[in-house]
Amino acid sequence: MNKENTEMVKKCDACQNYQYSNQKEPMVQGQIPEGPWDMVATDLFQWDGADYLLIVDYYSRFIEFCRLPNTSSSMVIIHTKSIFARHGIPKSPLPPSISNGLAEKSVQIIKRMLNKSKIDGQDSYLSLLELRNTRVVKATQLEPRTINPDCVKSHLQQEQQKRKLYYDEGSKPLIPLQKGENVWMQVQGEWKPVKALDTAEAPASYHVKSASGKVYRRNRKHLRPRRADDSEDHPESDLEVDSESGQEQVNNQLPVDDNGGLQGQPDVPPATLEEVPKRALEVEVQNRQQVEVRTSSGRLVRKPQRYKDY
């Protein structure tokens with residue numbers, strides 16, 4: 001009976017259109033920059049009816065943002081060049097089309113700051129100054145000094161690995177798609193039939209084509225394999241979700257951390273820049289994997305064999 005119900009659901013178009021989202025994949029760790037402004041993330045956001053451009057440095061977490069008269073490519077380029085003229089041209093900028101946790105978190109910080117400034121009637125630039133200021137305890141803290149880049153890189157790696165440790169709980173890699181494979185694409189909570197063309201330049205992303213020939217880029221978590229006998233009788237207009245531009249809003253969010261990644265990971269207290277024991281993280285991972293769960297009567301709880309892959 002269960003098998004028959006499963007087969008019936010697989011052949012039901014309505015059931016397939018409203019399937020649950022895919023399980024999250026393990027976090028993709030981003031590249032660690034070698035120095036300040038080697039790698040930056042950019043994002044566009046709206047606040048109080050105006051458009052803004054934000055650029056944040058991966059190494060120092062320094063945030064720059066500016067108001068845009070419009071979001072045309074020429075206007076974005078002009079303001080981006082203005083910021084790069086002050087800090088230098090980065091080696092690896094990430095454009096707004098590639099979602100990443102650090103840029104999105106920085107947008108949240110700036111929006112909260114602007115909201116508070118508006119409520120209190122304060123100058124937003126003075127609020128930005130306070131955001132960037134560091135509390136000075138001793139006068140010696142104002143003296144110029146060079147920070148060991150190896151120490152900073154080690155600190156960033158420790159933060160990155162801890163975030164991945166917490167994020168990967170409950171995650172599972174998704175099976176790669178094949179070229180020409182029939183798949184379902186998730187659009188605003190519904191699944192629509194498309195065909196996989198090839199892998200995209202972004203990690204875990206694919207180019208897919210609809211029945212009318214339109215090509216979209218989607219992350220693997222928004223795609224799932226489709227049976228060969230599934231119906232393809234779906235109106236093409238279902239893929240149109242942006243009525244103003246006539247183009248679909250492609251969501252390329254990836255399960256990555258602040259060095260090129262997603263939101264959702266728990267806040268981890270920043271480590272100090274002193275030497276961290278090399279095996280500290282390994283011991284934490286082993287302890288989490290070796291924890292035994294027992295009932296009140298003392299019986300050891302074992303995970304069922306069918307859940308061994310989760």
Side-chain angles (χ1 to χ4, degrees), residues 30 33 36-90 92-137 141-142 152 156 159-160 163 167 188 241-245 247 249-270:
W37 291 86
D38 272 359
M39 184 168 64
V40 300
T42 67
D43 201 0
L44 299 176
F45 69 94
Q46 286 188 331
W47 179 81
D48 200 22
D51 295 308
Y52 291 83
L53 167 69
L54 178 141
I55 298 180
V56 55
D57 174 33
Y58 274 115
Y59 189 84
S60 63
R61 303 296 196 266
F62 190 85
I63 301 173
E64 286 272 14
F65 77 101
C66 58
R67 183 170 178 172
L68 301 175
N70 57 70
T71 56
S72 63
S73 58
S74 58
M75 188 60 60
V76 172
I77 290 173
I78 289 174
H79 285 80
T80 301
K81 290 167 65 176
S82 174
I83 294 175
F84 288 171
R86 293 193 293 272
H87 302 285
I89 301 176
S92 178
L94 288 181
S97 60
I98 305 298
S99 298
N100 60 89
L102 180 58
E104 294 171 3
K105 185 65 176 179
S106 300
V107 168
Q108 294 177 13
I109 293 173
I110 295 300
K111 281 187 174 181
R112 284 199 299 266
M113 181 202 73
L114 293 174
N115 287 331
K116 294 175 182 177
S117 300
K118 182 178 180 180
I119 294 174
D120 294 340
Q122 295 181 355
D123 189 333
S124 59
Y125 286 104
L126 293 179
S127 299
L128 180 61
L129 176 62
E130 291 298 326
L131 177 66
R132 291 172 173 171
N133 277 343
T134 301
R135 182 168 176 263
V136 178
V137 179
Q141 290 180 288
L142 298 176
V152 176
L156 294 175
E159 280 190 325
Q160 187 183 72
R163 291 191 183 95
Y167 183 89
Q188 291 186 330
V241 299
D242 187 356
S243 58
E244 295 182 359
S245 64
Q247 298 179 354
Q249 305 260 346
V250 178
N251 187 347
N252 293 300
Q253 291 184 345
L254 304 176
V256 294
D257 64 355
D258 282 351
N259 288 301
L262 258 191
Q263 304 174 2
Q265 60 270 24
D267 293 331
V268 180

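Since this is a predicted model, take the numbers as computed values, not measurements.
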Take Trp47 and Asn115 through the side-chain contact (heavy atoms from CB on, under 4.5 Å) test and state the conclusion after the steps. CA-CA 9 Å; Trp47 179 81; Asn115 287 331; 2.6 Å; yes
Within 6.0 angstrom of Ile89 CD1, more than 12 heavy atoms from elsewhere: no
Can you confirm whether Val56 sits close enough to Phe62 that some side-chain heavy atom of one is under 4.5 Å from a side-chain heavy atom of the other? no
If I take atom [atom1] from residue [X] and atom [atom2] from residue [Y], how far apart are they, to the nearest 0.5 angstrom?
X: Gln108; Y: Lys105; atom1: CD; atom2: NZ; value: 5.0 Å
X: Lys111; Y: Phe45; atom1: NZ; atom2: CZ; value: 7.0 Å
X: Asp38; Y: Tyr59; atom1: CG; atom2: OH; value: 9.0 Å
X: Leu53; Y: Asp43; atom1: CG; atom2: CG; value: 9.0 Å
X: Trp37; Y: Ser60; atom1: CH2; atom2: OG; value: 7.0 Å

Please output the side-chain donor-acceptor pairs of residues 120-127 that fall under 3.5 Å, not counting sequence neighbours, one pair per line with the distance.
residue, atom, partner, partner atom, Å
Asp123, OD1, Tyr125, N, 2.9
Ser127, OG, Ser117, OG, 2.6
Ser127, OG, Asp123, O, 3.3

Given Ile63, which of Leu128, Ile110, Leu102, Asp57 fulfils the side-chain contact (heavy atoms from CB on, under 4.5 Å) condition? Ile110
Name the atoms and distances for all side-chain donor-acceptor pairs under 3.5 Å in residues 77-84, with sequence neighbours left out.
residue, atom, partner, partner atom, Å
His79, ND1, Met75, O, 3.1
Thr80, OG1, Val76, O, 2.7
Ser82, OG, Arg86, NH1, 3.4

Run the side-chain contact (heavy atoms from CB on, under 4.5 Å) check on Arg112 and Ile109 step by step: do they pass? CA-CA 5 Å; Arg112 284 199 299 266; Ile109 293 173; 3.8 Å; yes
Before giving the answer on side-chain contact (heavy atoms from CB on, under 4.5 Å), spell out for Arg67 and Asp51 the whole-Å C-alpha distance, their side-chain angles and the decisive distance to 0.1 Å. CA-CA 6 Å; Arg67 183 170 178 172; Asp51 295 308; over 6 Å; no
Take Leu54 and Glu64 through the test side-chain contact (heavy atoms from CB on, under 4.5 Å) and record every step on the way to the result. CA-CA 6 Å; Leu54 178 141; Glu64 286 272 14; over 6 Å; no
